[in-house]
Amino acid sequence: MPLPGVSNLEKSPGPALASRWRACGIDRAFLRRMTEHPDNLRRPLTPAREAQFRDDAAAVLLRLFFCAIPTPAWEAEAAMGAELLGAVRECGLLLSDGDRLTAPFHLRLIRGLYLFSDYLNGHSEAVMGAGETTAILYQAGCPTHAVQRALDLGCGAGTLALLLSRTAAHVVGTDINPRAVALAKLNASLNGIANIEFRRGDGFAPARGERFDVILSQPPYYPNPQGESIETYLHGGVRGDELAWRIATEAPSYLTPAGKAVIFASWTSGRPPIHTPDLKVLELSANRRELHGTRQGITVLAHTPAGEAWHAEREVSADRWGEITRAAIEEIFAVEDYLLQPNGGMAFEVSEGLTVLKEGTQTVVQGAPGSWVGTLPVDEATRAILESPNAGHPPHAVHAALRRGLLKLSGKPRVNAPSQSR
Ligand SMILES: C[S@@+](CC[C@H](N)C(=O)[O-])C[C@H]1O[C@@H](n2cnc3c(N)ncnc32)[C@H](O)[C@@H]1O
């Protein structure tokens, strides 16, 4: 099946379609109640039994747009009005099949945003919508405070760009795939968002010479040993992480002095560390390999004044991988900044919910639900720290406990002021 055309999407009726869905009550709770089976980027939603038999406008529009069930044109017209239906057909969001209409695009409601994308069924140019990995990157990278400029590199259907537009005054979304740019523009218009510019191009080329307070990117990272790009959204090179590596190494030149780049990729084990004298680099990795032998990672990059560079790594247990938040990342940044300072005057506390247990001759610590620490064996020095954090322990042991997330700086951790020298 060829992908549906996108050349007329700019004639879409904009927010009027989303307004119609909203007015009918098609919100998150409705979709949850009226559909079955877990979410999936490959298939439409499956209507629950109740949604199959109701004939009110919400149920009709749910079956038509979200479940891609062919629907008589007269029924669609009754649910959305002739004018809106005409505009939706003209731009290609609904296609005629005899006297029935079908919806060719994948559609979901994510954090209050209606998002069209393609079904991911092996077509080389298919555009990815909001997936599980998109959600992880959003949580880890979306700023919690207002910023000026944000970039979503490899924006796909524009999910992250649209979410960033809530905290950034201006957002740029870029993608090498022209379909992605068309769908991302459609989604911005559908949701009535005007502070995003979508541009087409390879890597950072469409943002040459610009600086951003936030850069988010989830480039394709699956290996393609044949060396040809099979699916643009999926394959990142022969090894898989070549494009991700290019983006990670170029990102610092596009950051403002206080900016952060957060890159989600799956790295091969032989990849060299990103280590430069003017960067703070945090590499989080999931402690489980993907099927093709790589590990998912979140790489956070920021500038630093000369002499204050660091490179930190944290392994996160696979079942906690989806819980990494921007606040947790900020805390690691504060700890790593602290570790560079002379150790005077700071107090420590044991991380919340951590318990120390005896298991035979071993001592182990166990994290509370939601913490990154699973169950870890600890040595005598760490046990002593956890029992009385401020009793004057050797600095290397304190540092090790801080780095493993067992200990926290008490009170609000100090964060170094960003360098203004760039
Ligand atoms: C895994 S998808 C991520 C989509 C979206 N950002 C998300 O997180 O849901 C990767 C995206 O990168 C785009 N891409 C692939 N190669 C690229 C390149 N060289 N430059 C820019 N974008 C690229 C693909 O077209 C695709 O939309």
Side-chain angles (χ1 to χ4, degrees), residues 3 6 39-42 105-108 110-111 113 115-120 122-142 150-165 171-188 196-208 212 214-224 227-251 254 261-267 290 292 294 296-299 322:
L3 290 171
V6 294
D39 205 354
N40 194 312
L41 290 172
R42 298 180 191 280
F105 292 101
H106 182 276
L107 175 63
R108 290 294 186 274
I110 305 288
R111 292 185 182 257
L113 298 169
L115 291 167
F116 281 109
S117 60
D118 284 319
Y119 292 104
L120 300 182
H123 197 288
S124 64
E125 299 308 309
V127 176
M128 175 177 159
E132 204 183 324
T133 50
T134 318
I136 296 174
L137 176 54
Y138 167 72
Q139 205 172 265
C142 222
L151 173 67
D152 174 10
L153 196 162
C155 62
T159 312
L160 291 167
L162 267 66
L163 290 167
L164 281 169
S165 76
V171 181
V172 176
T174 66
D175 205 288
I176 200 164
N177 182 355
R179 273 187 82 76
V181 172
L183 277 160
K185 282 182 177 169
L186 166 76
N187 287 327
I196 314 181
E197 246 181 282
F198 289 103
R199 307 173 189 164
R200 194 199 151 210
D202 179 11
F204 280 101
R208 196 71 74 220
F212 300 90
V214 176
I215 298 175
L216 299 188
S217 186
Q218 185 196 179
Y221 52 70
Y222 269 60
N224 171 23
E228 295 153 18
S229 183
I230 299 171
E231 286 162 275
T232 316
Y233 83 91
L234 190 63
H235 296 105
V238 173
R239 212 177 53 230
D241 55 7
E242 289 93 328
L243 177 60
W245 175 252
R246 169 153 65 99
I247 291 170
T249 49
E250 290 179 16
Y254 294 86
V262 185
I263 295 152
F264 186 103
S266 204
W267 300 106
E290 294 209 67
H292 53 275
T294 63
Q296 289 191 354
I298 294 174
T299 304

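Atoms within each ligand, like the ligands themselves, are counted from 1 in listed order. Values in this document were obtained by computation on a predicted structure and should not be read as measured data.
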Can you name the atoms of ligand 1, numbered from 1 with element, that are less than 4.0 Å from a heavy atom of [X]?
{"X": "Leu160", "result": "8 (O)"}
{"X": "Tyr233", "result": "1 (C), 2 (S), 10 (C), 24 (C), 26 (C)"}
{"X": "Gly156", "result": "4 (C), 27 (O)"}
{"X": "Thr134", "result": "7 (C), 8 (O), 9 (O)"}
{"X": "Asn177", "result": "25 (O)"}
{"X": "Asp202", "result": "18 (C), 19 (N), 20 (N)"}
{"X": "Cys155", "result": "5 (C), 6 (N)"}
{"X": "Gly201", "result": "20 (N), 21 (C)"}

Notebook entry, point to check: Out of Ala184, Gly154, Gly236, whose heavy atom sits nearest atom 4 (C) of ligand 1?
Noted result: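 Looking at heavy atoms only, the winner is Gly154.
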Item checked: Per atom 7 (C) of ligand 1, closest listed option by heavy atom (Arg246, Gln218, Glu242, Glu231) -> Gln218
Margin query: Quick one, Tyr221 and Trp267 - any side-chain contact, counting heavy atoms below 4.5 Å?
Written below: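 With C-beta onward as the side chain, the pair stays apart.
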Next item on the list: Answer whether the closest heavy-atom distance between the side chains of Thr134 and Met128 falls below 4.5 Å.
Entry: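 Yes - at least one pair of side-chain heavy atoms lies under 4.5 Å apart.
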Can you find a non-hydrogen atom of [X] under 4.0 Å from ligand 1?
{"X": "Gly131", "result": "no"}
{"X": "Thr159", "result": "no"}
{"X": "Leu243", "result": "yes"}
{"X": "Gly129", "result": "yes"}
{"X": "Gly203", "result": "yes"}

Any donor-acceptor pair under 3.5 Å linking the side chain of [X] with the backbone of [Y]?
{"X": "Asp175", "Y": "Cys155", "value": "yes"}
{"X": "Asp118", "Y": "Val127", "value": "yes"}
{"X": "Asn187", "Y": "Phe116", "value": "yes"}

Next item on the list: May I ask you to identify, for Leu216, whether its side chain, its backbone, both or neither come under 4.0 Å of ligand 1 on a heavy-atom basis?
Entry: neither
Next item on the list: Give the contacting part of Met128 toward ligand 1: side chain, backbone, both or neither, where contact means a heavy-atom distance below 4.0 Å.
Entry: side chain
Note to self: Using a 6.0 Å cut-off, check whether atom CD of Glu125 has over 12 heavy atoms from anything other than its own residue.
What the structure shows: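 Count over threshold, so yes.
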Checklist line | Over 12 non-hydrogen atoms of neighbours within 6.0 angstrom of CZ in Arg199 | finding: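 More than 12 within 6.0 Å, yes.
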Notebook entry, point to check: What residue and heavy atom of the protein are closest to atom 17 (C) of ligand 1, and at what distance?
Noted result: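 That would be Ile176 CG2, 3.4 Å.
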Check: Who's the nearest protein heavy-atom neighbour of atom 27 (O) of ligand 1, and how far?
Finding: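 That would be Asp175 OD2, 2.6 Å.
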Hey, could you give me the [atom1]/[atom2] distance between [X] and [Y], rounded to the nearest 0.5 Å?
{"X": "Thr133", "Y": "Tyr138", "atom1": "OG1", "atom2": "OH", "result": "15.5 Å"}
{"X": "Asn40", "Y": "His106", "atom1": "CG", "atom2": "NE2", "result": "6.5 Å"}
{"X": "Tyr233", "Y": "Leu120", "atom1": "OH", "atom2": "CG", "result": "4.0 Å"}
{"X": "Ile247", "Y": "Asp241", "atom1": "CD1", "atom2": "CG", "result": "11.5 Å"}

Check: Looking at residues at least two apart in the chain, or sitting in another chain, which of them share a side chain to side chain contact (heavy atoms under 4.5 Å, CB included) with Ala161?
Finding: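 Here the qualifying residues are Asp152, Val171, Ile196, Phe198.
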